[in-house]
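Heads up, the thing below is written out as C-alpha cells.
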Amino acid sequence: MAIITAIEVDRFHRGRVRVSVDGRPTLSLHRRSLKSLGLREGQVVDQTDLSVQALEAEKVTAHAGALDFLARQGYSARELSRRLAGRGFGEEVVQGEIARLKRAGLVDDERLAKDYVDHRLSTRPAGRRLLRAELTRRGVGRQAVEKAVARAPAGGSADELTLARESARARLAGRAARIANADSKTVMKLRKQLLDYLLRRGFSFETAEKVVREAISDRETGEGE
C-alpha cells in the first residue's frame with residue numbers, strides 16, 4: 001500500500017492536477033476526475049488499483065464533457081477531439097471517446113457535412129468552392145466533404161445561377177436608386193464589388209460574371225455606346 005502525499009495543479013497541462021504517491025509524481029488527472037474519485041492527501045491507496053480507477057474516471061469525465069459539447073451543436077470528429085484536448089484530456093482518452101461516440105452515431109462527419117450544406121444553401125447560398133473550404137476548416141474528412149459538396153449546384157449550372165442571383169439580390173437590396181443615379185465610374189466599382197462578393201461566396205467566375213451583368217447591366221455603365 002502507498003500514501004498520497006501531494007495533490008497540486010499540473011502546471012504543464014491545462015485543467016489537470018498532479019497526484020504524488022509516496023513523494024513521487026504518479027498521476028495527472030482531470031480536475032473533475034479527481035473530484036469523482038474523492039482522492040485526498042494522506043489517503044492510503046493501492047497504486048495498481050489507483051491507476052485503473054483513474055483511467056476509468058478519465059473516460060467517464062471525457063464522455064460527460066463530450067456530451068456537453070454535443071448538446072449545444074454538432075461537431076466533426078476532429079473538432080470535438082480538439083475541444084476535449086483543450087479541456088485537458090490526453091490523446092488516448094480523447095481517441096477512445098471519439099470512437100465511442102462514432103459507434104453510438106453521435107459523431108458522424110458525413111451526416112454533419114450533409115446537414116451543413118443543406119442548411120447553408122437554404123439560408124446563405126454559396127458555391128461549392130466556399131462550402132468545401134468551410135467544411136475543411138471544420139475538420140471534416142475529404143471523402144465526407146466531397147460527398148456533401150456534391151449536393152450543391154455545380155459551377156456554371158442553372159441551379160448555381162439561381163443561388164447566385166439570390167445572393168446578388170440580397171447584396172444589392174436598397175441600392176437600386178444609387179445604381180440608377182450613379183456615374184459610369186461608380187457603377188463599374190459597384191460591379192467589381194459584387195463580382196468579388198460572389199466569388200468569395202464560392203460561385204464560379206462564369207456564374208458570378210453573368211449575374212453581375214444581369215444585376216448591373218452594361219447599359220448602366222455606358223458600355224457599347
Side-chain angles (χ1 to χ4, degrees), residues 2-22 24-41 43-120 123 130-151:
I3 298 176
I4 296 177
T5 52
I7 299 177
E8 54 196 352
V9 173
D10 188 334
R11 293 177 295 176
F12 301 102
H13 300 92
R14 180 185 175 189
R16 303 182 71 81
V17 293
R18 185 168 294 281
V19 178
S20 294
V21 177
D22 288 344
R24 296 188 299 274
T26 303
L27 292 172
S28 178
L29 288 171
H30 193 277
R31 286 175 296 185
R32 292 186 181 180
S33 299
L34 177 72
K35 184 176 181 180
S36 69
L37 288 171
L39 299 180
R40 65 186 185 281
E41 291 183 7
Q43 183 176 349
V44 177
V45 296
D46 180 288
Q47 284 191 266
T48 301
D49 289 345
L50 179 60
S51 297
V52 173
Q53 292 170 9
L55 180 58
E56 290 306 309
E58 289 281 274
K59 292 178 180 179
V60 171
T61 304
H63 186 58
L67 293 180
D68 183 48
F69 282 127
L70 292 171
R72 295 193 287 269
Q73 69 174 71
Y75 286 93
S76 70
R78 190 172 299 176
E79 280 180 316
L80 191 56
S81 295
R82 289 196 292 258
R83 291 276 182 170
L84 291 174
R87 283 280 185 92
F89 295 103
E91 183 176 356
E92 179 182 354
V93 171
V94 169
Q95 294 310 311
E97 177 58 22
I98 295 300
R100 177 182 181 178
L101 293 170
K102 284 182 176 180
R103 290 194 298 271
L106 296 176
V107 170
D108 184 329
D109 280 10
E110 284 196 6
R111 185 179 67 232
L112 176 77
K114 172 187 174 296
D115 291 346
Y116 181 86
V117 168
D118 289 346
H119 178 73
R120 189 75 160 82
T123 56
L130 181 58
L131 293 171
R132 185 178 288 109
E134 290 177 344
L135 287 171
T136 299
R137 281 198 298 270
R138 294 196 61 179
V140 178
R142 183 173 181 178
Q143 184 175 352
V145 168
E146 294 305 322
K147 186 174 181 179
V149 169
R151 301 171 63 83

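Contact annotation: the side chain of Ile7 never approaches that of Leu29 to less than 4.5 Å [non-hydrogen atoms, C-beta and beyond]. Looking at Leu70 and Tyr75, their side chains come closer than 4.5 Å, going by heavy atoms from C-beta outward. Between Leu50 and Leu27, the closest side-chain pair of non-hydrogen atoms falls below 4.5 Å. No side-chain heavy atom of Val140 sits under 4.5 Å from any side-chain heavy atom of Tyr116. Side chains of Leu80 and Val94 form no contact here, defined as non-hydrogen atoms less than 4.5 Å apart. Counting heavy atoms from C-beta outward, Arg120 and Leu131 have side chains that approach closer than 4.5 Å. Between Asp115 and Glu110, the closest side-chain pair of non-hydrogen atoms is not below 4.5 Å.
Salt bridge annotation for Glu79-Arg138: present, with a cationic side-chain nitrogen under 4.0 angstrom from a carboxylate oxygen.
Taking a 6.0 Å sphere around CZ of Arg18, one finds it holds more than 12 heavy atoms contributed by other residues, nucleotides or ligands. Within 6.0 Å of atom CZ in Arg72, more than 12 heavy atoms from other residues, nucleotides or ligands are found, so the atom counts as buried in its surroundings. When the shell of 6.0 Å around CZ of Arg14 is examined, it contains 12 or fewer heavy atoms from other residues, nucleotides or ligands.
Not counting sequence neighbours, the partners of Glu56 by the salt bridge (Lys or Arg N to Asp or Glu O under 4.0 Å) test are Lys59. Thr136 pairs by the side chain to side chain contact (heavy atoms under 4.5 Å, CB included) definition with Arg132, Val145, not counting sequence neighbours. Under the side chain to side chain contact (heavy atoms under 4.5 Å, CB included) criterion, Gln53 pairs with Leu37, Asp49, sequence neighbours left out. Here Asp118 pairs with Lys114, Arg151 under the side-chain hydrogen bond (donor to acceptor under 3.5 Å, both in side chains) rule; sequence neighbours left out.
With hydrogens and angles ignored, the 3.5 Å screen pairs a side-chain donor or acceptor of Asp22 with a backbone N or O of Ile3. For Glu146 (side chain) and Gln143 (main-chain N/O), no donor-acceptor pair under 3.5 Å exists by modelled atom type.
Among pairs with a residue in residues 25-35, those fulfilling side-chain hydrogen bond (donor to acceptor under 3.5 Å, both in side chains) read Asp10-Ser28, Arg16-Ser28, Ser33-Glu58, Ser33-Thr61, at least two apart in sequence or across chains. Among residues at least two apart or in separate chains, side-chain hydrogen bond (donor to acceptor under 3.5 Å, both in side chains) pairs with a member in residues 88-97 are His63-Glu97.
Shown here for Ala148 and Ala113, the closest heavy-atom pair between the two residues is CB-CB, 3.5 Å. Looking at every heavy atom in both residues, Ala62 comes nearest to Val93 through CB-CG1, 3.6 Å. Residues Asp109 and Ala77 come closest through the heavy atom pair OD1-N, 3.0 Å.
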> Can you check side-chain contact (heavy atoms from CB on, under 4.5 Å) on Val117 and Leu135, steps first, answer last?
Replying inline: CA-CA 9 Å; Val117 168; Leu135 287 171; 3.9 Å; yes
>> Show, in sequence, the C-alpha distance, side-chain angles and deciding distance for Val21 and Gln47, and conclude whether the side-chain contact (heavy atoms from CB on, under 4.5 Å) test is met.
In response: CA-CA 8 Å; Val21 177; Gln47 284 191 266; 3.9 Å; yes
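Separation of atoms CG (Leu112) and OG (Ser76) is listed at 6.5 Å; rounding is to 0.5 Å.
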